[in-house]
Amino acid sequence: MKKKVLAALLTMAMTAALLVGCGSGNDATPSDSSTTGDQTPSNGAEEPSNDAGTPSDDTQAGGNTEGQAPSGDVPTIAFVPKVMGQAWWDYVEKNVKEWGTENGIEVIYKGPTEVDAAAQVQIMTDLVNQGVDILCFSPNDPAACEAICKEAREKGIIVIATEASGMENVDYDVEAFDETGLGGFLMDQLAAQMGEEGQYITMVGSMTMESQNNWADAAVARQEEAYPNMELVPDKRVADDSDAEKAYQLTKEMIQKYPDLKGILGTGSFDAPGAARAIQELGLTGKVFAISVAMPLEVKDYLQDGTLGSVALWDPGLSAKAMLNLGVKMFNGEEIAAGADLGVDGYNAVDIQDKVIVGQGQIAVTMENVDDFGF
């Protein structure tokens, strides 16, 4: 993304995360279902920055009462997550439904059921062809989404992304924090645990996940600037396909390959959970350290037994609501400028850098606050 912002507010996944955000999917066939704002999500499992699968749930949220209600016509809004059936994105769905109920605006919540960028693009294409007014999404592969986003904007559809700071064919990309800030934050946390010395490696969900790789790059830059006694191993970066089992296997492989490895800096929500399992199994707690964006309940036991010192997070539900409020403001013709209030904690005075809107929202999740988030 760009620069600024490092706060202590948040709750990511969104993940992740904390992006990430922020997991691995299940095989699935297309299926649609419509619900109203007070119904519970139809799936359950995990976060930031994954890739996604075959077309899945189609959820509509509506209601009345307060909020960012439009002054004129009511827009039709679609929100496309990275993947359905993961706890991170189920939490986002719950917040999208809440927003729809509060604002009396229908929101179609539809995404792929496994990690598959092409399937996500097909869902977006179908929604654009249906003629929605506002398209919000979190891309698995930003480059793959450029063409359909360009087509959407040419049709007059407002296009708002998250975790896609480099995309061209969007009106805005909304981020909970500056990517440089989160990367530096992750490195600061890991460096403190490592005693600011020793070998480390970076881990991402995939090499095409823009935000996760940007966070990792920023973490390395922070290390080079502030922690000269830390060393990035020659492998530099590994990808776990947004799969905690693969993160577990990769961690064991890297520890075997680099006997002096002391740190694993991940950026996806599966990285730290998988790495922690390997660290615990190998009896290396207190000797090898890991961090990433992660779901609090996924790492609760590891935080409480000391295998993990902390993980990073932002609240993906708040980010989604900020995106929806932004879309409605644009639909109503309101000017969007630096310092704008998107009506959500952490997004009350946003910074705007070209097409990127930056809030203030990352925090460290530790054994002291792991129960505060509810997911």
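None of the values given here were measured: they were computed from a predicted structure. The residues of the chain are indexed from 1 along the displayed sequence.
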| said: Between Lys246 and Asp241, does any side-chain N to carboxylate O distance fall below 4.0 Å? | reply: yes
Practice item. Could you verify whether a donor N or O on one side chain and an acceptor N or O on the other, from Asn325 and Tyr347, lie under 3.5 Å apart? Key: no
Correct closest heavy-atom pair for Leu324 and Phe79 would be CD2-CD1, 4.3 Å
Please say whether more than 12 non-hydrogen atoms of neighbouring residues, nucleotides or ligands are located less than 6.0 Å from NZ in Lys287. no
Residues at least two apart in sequence or cross-chain that pass salt bridge (charged side-chain N to carboxylate O under 4.0 Å, His left out) with Lys262, listed by chain then number, are none
Residue pair Val80, Ser138: steps toward the side chain to side chain contact (heavy atoms under 4.5 Å, CB included) verdict = CA-CA 7 Å; Val80 180; Ser138 181; over 6 Å; no
Residues Asn169, Glu146; criterion side chain to side chain donor-acceptor pair (under 3.5 Å); working and verdict
CA-CA 6 Å; Asn169 293 296; Glu146 290 283 12; 2.9 Å; yes
| Just checking, any donor-acceptor pair under 3.5 angstrom between side chains of Gln120 and Asn140? | yes
Candidate pair Asp351 and Gln353, rule side chain to side chain donor-acceptor pair (under 3.5 Å), full reasoning = CA-CA 7 Å; Asp351 181 50; Gln353 305 161 9; 2.5 Å; yes
query: Val311, Leu297: one ILVMFWY side-chain cluster at the under-4.5 Å cut-off?
result: no
- Query: Do Gln199 and Met230 pass the side chain to side chain contact (heavy atoms under 4.5 Å, CB included) test, and can you show the C-alpha distance, the side-chain angles, and the key distance before you say yes or no?
  - Reply: CA-CA 6 Å; Gln199 295 183 337; Met230 292 177 65; over 6 Å; no
Original post:
Is there side-chain contact between Leu135 and Ile158, with at least one heavy-atom pair below 4.5 Å?
Top reply: no
Under a plain distance cut-off of 3.5 Å, with no hydrogens placed, do Gln280 and Asp305 share a side-chain donor-acceptor pair? yes
Is Val288 reachable from Tyr248 through a run of hydrophobic residues whose side-chain heavy atoms are each under 4.5 Å from the next? no
**Prompt:** Is a salt bridge present between Asp217 and Arg237, judged by a nitrogen-to-oxygen distance below 4.0 Å?
**Reply:** yes
Practice problem: Could you tell me whether Lys150 and Glu154 have a side-chain N and a carboxylate O separated by less than 4.0 Å? | Solution: yes
- Task: Taking the side chain as every heavy atom from C-beta outward, state whether Met203 and Leu265 have any atom pair closer than 4.5 Å.
- Result: no
Do Asp173 and Met167 touch side chain to side chain, with heavy atoms closer than 4.5 Å? no
The residue among Val365, Leu308, Thr307 that forms side-chain contact (heavy atoms from CB on, under 4.5 Å) with Val299 is Leu308
Problem set entry | Val233 reachable from Leu284 in the ILVMFWY side-chain graph, under 4.5 Å edges | yes
Asp171 meets the salt bridge (charged side-chain N to carboxylate O under 4.0 Å, His left out) criterion, sequence neighbours left out, with Arg153
| task | I would like to know whether Lys155 and Asn129 meet side chain to side chain contact (heavy atoms under 4.5 Å, CB included); could you show each step before the answer? | result | CA-CA 10 Å; Lys155 291 183 175 181; Asn129 290 338; 3.4 Å; yes
Looking only at heavy atoms, the pair that brings Pro81 and Tyr109 closest together is CB-OH, 3.3 Å
Fill in: Cluster link Phe185 to Val204, ILVMFWY, side chain under 4.5 Å
no
Nearest heavy-atom contact between Met194 and Gly263 is SD-CA, 3.7 Å
Less than 3.5 Å apart, any donor N or O on the side chain of Asn229 or Glu196 sitting next to an acceptor on the other? no
So, do Ile201 and Leu250 sit near enough that their side-chain heavy atoms are less than 4.5 Å apart? no
Would Glu335 and Lys329 pass as an ion pair if we require N to O under 4.0 Å? no
Q. Looking at Lys257 and Glu253, does any basic side-chain N land under 4.0 Å from a carboxylate oxygen?
A. no
Do Val107 and Tyr172 sit in the same hydrophobic cluster, where Ile, Leu, Val, Met, Phe, Trp and Tyr count as joined when their side-chain heavy atoms come under 4.5 Å apart?
yes
On a heavy-atom basis, the closest approach of Gln193 and Ser310 is NE2-OG, 3.2 Å
Query - Beyond-backbone contact of Tyr200 with Val220, side-chain heavy atoms, under 4.5 angstrom - result: yes
Item to complete: Would you please say whether a donor-acceptor pair under 3.5 Å links the side chains of Asp126 and Gln122?
Response: yes
Are a donor atom and an acceptor atom from the side chains of Asp188 and Tyr227 found within less than 3.5 Å of each other? yes
